[in-house]
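Keep in mind that what you see is a predicted model, and the values were worked out from it rather than measured.
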Amino acid sequence: MNDWLEMAKDKDDKDVLKQYRDEFYLGEGIYYMDGNSLGLMSRRAEQSLLDVMEDWKRHSIEGWTKGDRPWFYMSERIGDKMAALVGAESGEVLATNSTTVNIHQTVRTLYQPDAHRYKIMADELNFPSDIYALKSILDDHGQKDGLVKVPTADGHTLKTEDIIGMMDESIALILLPSVLYRSGQVLEIEKITAAAHEKGIIVGFDLCHSIGAVPHHLKEWGVDFAVWCTYKHLNGGPGAIGGLYIDERHHKKAVSLKGWFGNDKTTQFDMKHDFDQAADASQYQTGTPHIFSMAPLLGALEMFEAAGIENIRSKSLELTDFMMAMIEEILAAHDIEMVTPKSHAHRGGHILIGHEKAAGINAALKARGVIPDFRAPSFVRLAPVALYNSFEDVYHTVMILKEIMDDRTYDQFDNQRGVVA
Ligand SMILES: *Cc1c(COP(=O)(O)O)cnc(C)c1O
């Protein structure tokens, strides 16, 4: 067993990203494995929020255009910083609104149904908010039965051939996740996009569980649009602003949810009643940007730039490799189902394990300082994050899990989920 600890220490020694751990508020005695729900706070994120508050204090209204971080341009500036993480050009990425609003904004703009092509395709395992948004858009178009969902054969993953097999001339638009929020499966974005385009279908991805953990090449892959949140792997803080990508070829389309911040900046303050749509992704803004919900990203994103998303991906895979190998060996006697795909090509930044007592196990882990999250009915999600988790964190997490399983400590807890889980 000590072999695992030695292996963890050795991996931590060789870790090229180890210096970033000290930049985060980790919590004494805590093994944080929930960075895919809410990333940890870093000193840099804290500082950039304080800096923006200072700008307000010092510049008041002038802060919109004065200082080092003028608020008027902050959505675009943060968009540019995120462009490298999704593989897009400057002017194609924007920080604005929330993921759900961004789905409404992008899909409402790009979904232009006619009598033959009117369906939207998603999947059975999709996140509820994405589905609610798509259904409400279809409802508004009088297409109550317009949503088609790719089925899952095993309850956890999707097959590329099933996705492609369902593409036909009746589908106008596809929205799929890049990484499935439960199983952590990575979809084959490039292949799916190429197949969709062959059928004349517009295709977008929800990157909530991949941005900051997995590199993307959206431009090169030809993806039409994407949306994401920034409070998960990007560590932007609770309720931090969302992001979106819109390929340049769509910039001429009239955006659906119009507002004065989507206007061309040079004429915005002419205050005319005719909308003069901005020429780039900036057009997807609506109202005044939520400056304090963006400010932490100025600091948080610096670390991604410096660390490099490829390094982050390598370490992330090594962390989940280590965790999966340890669970399989040390917990072999227990009935734990390893749900997440093993192959690197199909695994995102977190893993999902199954057990009938999962809610109790989740509560028992929390009582011991391990922070996972529970996913109904019987799963626990664990996300060791490259920027702040160590291999030793993973070691202790699995050892604590082993004690809980050996001693059946989970029986001391309700096998039910909390309000936020
Ligand atoms: C986290 C997440 C969301 C959350 O959307 P918000 O609008 O930020 O609340 C939506 N979709 C997916 C796939 C997510 O993982």
Side-chain angles (χ1 to χ4, degrees), residues 86-88 99 103 106-131 133-135 137-138 141 143 145-211 213-228 244-247 249-250 313 339-349 352:
V86 299
T99 304
I103 291 171
T106 50
V107 174
R108 280 175 190 277
T109 301
L110 299 176
Y111 171 65
Q112 292 168 356
D114 60 31
H116 308 288
R117 199 187 272 282
Y118 58 91
K119 291 182 186 161
I120 294 181
M121 185 170 128
D123 67 274
E124 270 184 6
L125 302 173
N126 216 305
F127 195 87
S129 206
D130 301 38
I131 296 294
L134 295 179
K135 280 188 175 168
I137 294 164
L138 286 161
H141 280 273
Q143 300 288 357
D145 304 317
L147 185 66
V148 292
K149 292 194 267 187
V150 181
T152 171
D154 62 1
H156 301 295
T157 58
L158 301 172
K159 293 204 180 83
T160 305
E161 60 266 31
D162 290 345
I163 296 170
I164 293 175
M166 287 185 71
M167 296 177 186
D168 65 33
E169 316 291 300
S170 71
I171 312 246
L173 183 142
I174 297 173
L175 177 67
L176 291 168
S178 50
V179 167
L180 274 60
Y181 77 100
R182 288 163 61 101
S183 68
Q185 180 194 9
V186 179
L187 295 189
E188 297 182 289
I189 298 180
E190 187 174 14
K191 231 189 226 181
I192 293 166
T193 302
H197 285 171
E198 250 172 57
K199 293 260 157 74
I201 305 169
I202 286 183
V203 58
F205 288 88
D206 183 324
L207 313 182
C208 278
H209 276 87
S210 62
I211 189 159
V214 179
H216 310 79
H217 304 281
L218 299 184
K219 186 84 186 157
E220 188 188 319
W221 296 337
V223 173
D224 293 284
F225 71 101
V227 296
W228 57 87
L244 63 83
Y245 159 77
I246 179 86
D247 188 281
R249 66 183 177 270
H250 298 300
R313 174 63 169 162
V339 176
T340 303
K342 294 248 168 70
S343 87
H344 284 184
H346 299 111
R347 189 196 323 155
L352 187 75

Are [X] and [Y] packed together at the side-chain level, in the sense that at least one heavy-atom pair is separated by less than 4.5 angstrom?
{"X": "I202", "Y": "Q112", "value": "no"}
{"X": "V227", "Y": "V107", "value": "no"}
{"X": "V86", "Y": "W228", "value": "yes"}
{"X": "T99", "Y": "S129", "value": "no"}
{"X": "P177", "Y": "D123", "value": "yes"}
{"X": "F205", "Y": "I192", "value": "yes"}
{"X": "L138", "Y": "Y118", "value": "no"}

When you measure from the side chain of [X] to the backbone of [Y], do you find a donor-acceptor pair of N or O atoms at a distance under 3.5 Å?
{"X": "R117", "Y": "S170", "value": "no"}
{"X": "E124", "Y": "T152", "value": "yes"}
{"X": "H116", "Y": "D114", "value": "no"}
{"X": "R347", "Y": "K342", "value": "yes"}
{"X": "T340", "Y": "S183", "value": "yes"}
{"X": "D224", "Y": "G204", "value": "no"}

Spacing of [X] atom [atom1] and [Y] atom [atom2] [to the nearest 0.5 Å]:
{"X": "E220", "Y": "E190", "atom1": "CD", "atom2": "CD", "value": "6.5 Å"}
{"X": "W221", "Y": "H197", "atom1": "CH2", "atom2": "NE2", "value": "13.5 Å"}
{"X": "T106", "Y": "Y245", "atom1": "OG1", "atom2": "OH", "value": "12.5 Å"}
{"X": "I120", "Y": "I201", "atom1": "CD1", "atom2": "CD1", "value": "11.5 Å"}
{"X": "I163", "Y": "L158", "atom1": "CD1", "atom2": "CG", "value": "5.0 Å"}
{"X": "D206", "Y": "L180", "atom1": "CG", "atom2": "CG", "value": "10.5 Å"}

Nearest heavy atoms of [X] and [Y], plus distance in Å:
{"X": "V150", "Y": "M121", "result": "CG2-CE, 3.6 Å"}
{"X": "V186", "Y": "G348", "result": "CG2-N, 3.3 Å"}
{"X": "V179", "Y": "S210", "result": "CG2-CB, 3.6 Å"}
{"X": "L125", "Y": "G155", "result": "CD2-O, 3.5 Å"}
{"X": "H156", "Y": "V339", "result": "CG-CG1, 3.2 Å"}
{"X": "P151", "Y": "D162", "result": "O-OD2, 4.4 Å"}

message: Tell me whether the count of non-hydrogen atoms from other residues, nucleotides or ligands lying under 6.0 Å of NZ in K219 goes above 12.
response: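 Correct, the count exceeds 12.
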- request: Kindly indicate, with the supporting measurements, whether the criterion side chain to side chain contact (heavy atoms under 4.5 Å, CB included) is fulfilled by I174 and M167.
  value: CA-CA 9 Å; I174 297 173; M167 296 177 186; 3.8 Å; yes
field: Step-by-step side chain to side chain contact (heavy atoms under 4.5 Å, CB included) determination, I189 to S178
entry: CA-CA 7 Å; I189 298 180; S178 50; 3.7 Å; yes
query: Can the ring centres of H141 and Y111 be said to be less than 6.0 Å apart?
result: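 Yes, the ring of H141 comes within the 6.0 Å limit of the ring of Y111, centre to centre.
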- prompt: In terms of the angle between their ring planes, are Y181 and H209 parallel, tilted or perpendicular, with boundaries placed at 30° and 60°?
  reply: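 Tilted, since the angle between the ring planes falls between 30° and 60°.
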field: Note: K199-D168 ion pair, threshold 4.0 Å (strictly below)
entry: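 Salt bridge flag = no for D168 with K199.
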- request: Could you walk me through whether K149 and I131 pass side chain to side chain contact (heavy atoms under 4.5 Å, CB included), step by step?
  value: CA-CA 10 Å; K149 292 194 267 187; I131 296 294; 4.3 Å; yes
